[in-house]
Peer 1: 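I am attaching a structure below and will ask some questions about it afterwards.
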2 protein chains.
Amino acid sequence: MTDGVVERSRPRDRILETARDMFHKHGIKGVGVDAITEAAGTNKMTLYRHFESKDELIVECLRANAAKAGAMWDAFEAEFPGDKLAQLHAWVRKAAAMLNADGRGCDMANAAAELTEPDHPARLVIRELKEVQRQRLVTLCRDAGIGQAELLADTLSLLFEGARVSVQTVGAEGPSTQFVRMAEGLIVSFRGTAAG
Amino acid sequence: MTDGVVERSRPRDRILETARDMFHKHGIKGVGVDAITEAAGTNKMTLYRHFESKDELIVECLRANAAKAGAMWDAFEAEFPGDKLAQLHAWVRKAAAMLNADGRGCDMANAAAELTEPDHPARLVIRELKEVQRQRLVTLCRDAGIGQAELLADTLSLLFEGARVSVQTVGAEGPSTQFVRMAEGLIVSFRGTAAG
DNA sequence: TTGCATAGTTACAGACCGGTAACACCCTAG
DNA sequence: CTAGGGTGTTACCGGTCTGTAACTATGCAA
């Protein structure tokens, strides 16, 4: 898929999807609204009829990303209903797959790196959405019967976050190759300790 | 320290130092050369006499950062001469201190997030410099008599990298608070396995 | 005193940025 | 058939960006 996403759907959806793709590939400040609308097969006026500013478009893109991530969690539950430990391992596999998907890190983290104004609207939603994801992982670990669920969840999440930026800086052949091994080792090690 | 770094040194040094500071705080694309030269107490022509482009200035800033990081490693050796394990613990403490220093992550990682063109000159030096740092940590772990030195070094480095972006996204009260605990636990655990 | 390298000043080029105004077009609902 | 909302088109605004030209001022060294 190049930048030209011009399926026939409603302009707002095309703009949102195209912006998500282009922000991901080229960064937020690396893409202008003209380029987005052109790739989406529409024009600037239509964009500004649906989004009051580029900043609002950015926020909506981040929310759309989070929604997609939420669907991922639901897929784990659907695939291994009730088996929380299996879902945790599925999370590890999915995370590893994302590392090899492309060399770009987490869109939220990248956005946070670019948008430095402390009160930028995007910063609030990033914080909020990241907090949700953290909580989901903590809950999963706890429900999987792991003792220090918060500590394991936070460790896994830091490892994953670190692996994503590592891929972005040194490439997929760097430290991130060991991610699955690290994560699985941690889970084993935490399961060995006293469970709830 | 605000953005105005106007000590009386040679213009090139002032520009480099000011650019480093401003790139760190506001991101690379968030700072123009005009703003840099003004904060450095000089002017655009002088900048372009010393650096052939903004891209070259960026690269020089990253190299300066790496040099500062190199000095940090030398400080460990100076403080605990020959005691590699103590140096490893010093690295953990230093890393934790950097987490609480300010809410901005690693300049190299941030630059990689912003500069998405695959053949951007900065991407080469980022890769090169990150590789050097990785190797230093691996060597330190190995010389500290740890068995799976590469695995420990890579795990610690992913944890640290992840903690830095976590601070940038959810703040210093997020998962990164557990960094020292995680790192120390890992070192203990790896020392328990067969050593070199 | 002369000569030269370094640095400062002003102005500008050319491109791109986010955002808006005014107006013409279509499609569909009534 | 008609009215109106969503869409497309063109042109524009003011601002900022990197990078350069032409010229002046400064300080040091022979």
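What you are looking at is a predicted structure, and each value in this text was computed from that prediction instead of being measured. The sequence lines fix the lettering, A, B, ..., with proteins before strands; numbering per chain opens at 1.
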Peer 1: Indicate yes or no for a side-chain donor-acceptor contact from B:Gln87 to the backbone of B:Phe80 under 3.5 Å, with no hydrogens or angles considered.
Peer 2: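 Yes, the answer is positive, given that a donor and an acceptor are paired below the 3.5 Å cut-off.
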Peer 1: Within less than 4.0 Å of OP1 or OP2 of D:dT7, is there a side-chain N or O belonging to A:His50?
Peer 2: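 Yes.
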Peer 1: A:Tyr48 has an atom OH; how far is it from atom P of C:dA21, in whole Å?
Peer 2: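 So the OH-P distance, A:Tyr48 to C:dA21, works out to 13 Å.
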Peer 1: Measure distances between side-chain N and O atoms of A:Lys54 and base N and O atoms of C:dG19, and say whether any donor-acceptor pair falls under 3.5 Å.
Peer 2: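 Checked by distance alone, the answer is no.
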Peer 1: When you measure from the side chain of B:Arg49, which nucleotide among D:dT18, D:dA22, D:dT9 comes out closest?
Peer 2: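 Given the options D:dT18, D:dA22, D:dT9, the side chain of B:Arg49 is closest to D:dA22.
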Peer 1: What integer distance in Å separates B:Leu47:CG from D:dT18:P?
Peer 2: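 Going from CG in B:Leu47 over to P in D:dT18 covers 10 Å.
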Peer 1: Report the distance from atom NZ of B:Lys44 to atom P of D:dT16, rounded to the nearest whole Å.
Peer 2: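 Nearest whole value for this atom pair: 12 Å.
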Peer 1: Quick check on C:dG8: is either OP1 or OP2 less than 4.0 Å from any side-chain nitrogen or oxygen of B:Thr46?
Peer 2: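 Looking at the OP1 and OP2 atoms of C:dG8, one of them is under 4.0 Å from a side-chain N or O of B:Thr46.
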Peer 1: Can a donor-acceptor pair be found, under 3.5 Å and without considering hydrogens, that links the side chain of B:His89 to the backbone of B:Leu85?
Peer 2: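 Side chain of B:His89 to backbone of B:Leu85, a donor-acceptor pair under 3.5 Å: yes, one is there.
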Peer 1: Taking 4.0 angstrom as the limit, do B:Lys94 and B:Glu79 come out as a salt bridge?
Peer 2: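 No salt bridge links B:Lys94 with B:Glu79.
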Peer 1: Of A:Met45 and A:Asp34, whose nearest nucleotide on DNA chain C comes first from the 5' end?
Peer 2: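 Result of the comparison: A:Asp34.
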Peer 1: Just by distance, do the side chain of A:Lys54 and the backbone of A:Ile28 share a donor-acceptor pair under 3.5 Å?
Peer 2: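 Yes.
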Peer 1: Output the single nucleotide from D:dA22, D:dG8, D:dT9 whose closest atom is nearest the side chain of A:Arg14.
Peer 2: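 Selected nucleotide (nearest to the side chain): D:dG8.
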Peer 1: Charged N to carboxylate O below 4.0 Å: is that the case for A:Glu77 and A:Lys84?
Peer 2: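 Yes, charged N to carboxylate O under 4.0 Å.
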Peer 1: If I take atom CD1 in residue A:Ile36 and atom P in nucleotide C:dC17, what distance separates them, rounded to the nearest angstrom?
Peer 2: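 To the nearest whole Å, that distance equals 10 Å.
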Peer 1: Write down the distance between NZ (B:Lys29) and C1' (D:dC17), rounded to a whole number of angstrom.
Peer 2: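 Distance check: B:Lys29 NZ to D:dC17 C1' gives 12 Å.
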Peer 1: Heavy-atom nearest nucleotide on DNA chain D for B:Asp55 versus A:Thr42: which residue maps closer to 5'?
Peer 2: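 Its nearest nucleotide being more 5', the pick is A:Thr42.
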Peer 1: D:dT7 C1' sits how many Å from A:Asp13 CG, rounded?
Peer 2: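 Atom-to-atom, A:Asp13 to D:dT7, this comes out as 15 Å.
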Peer 1: Between P on D:dT16 and CD on B:Glu38, what's the gap in Å once rounded to a whole number?
Peer 2: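 To the nearest whole Å, that distance equals 12 Å.
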Peer 1: Could you give the CD-to-P distance, from A:Glu56 to C:dG18, as a whole number of Å?
Peer 2: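 A:Glu56 atom CD is separated from C:dG18 atom P by 15 Å.
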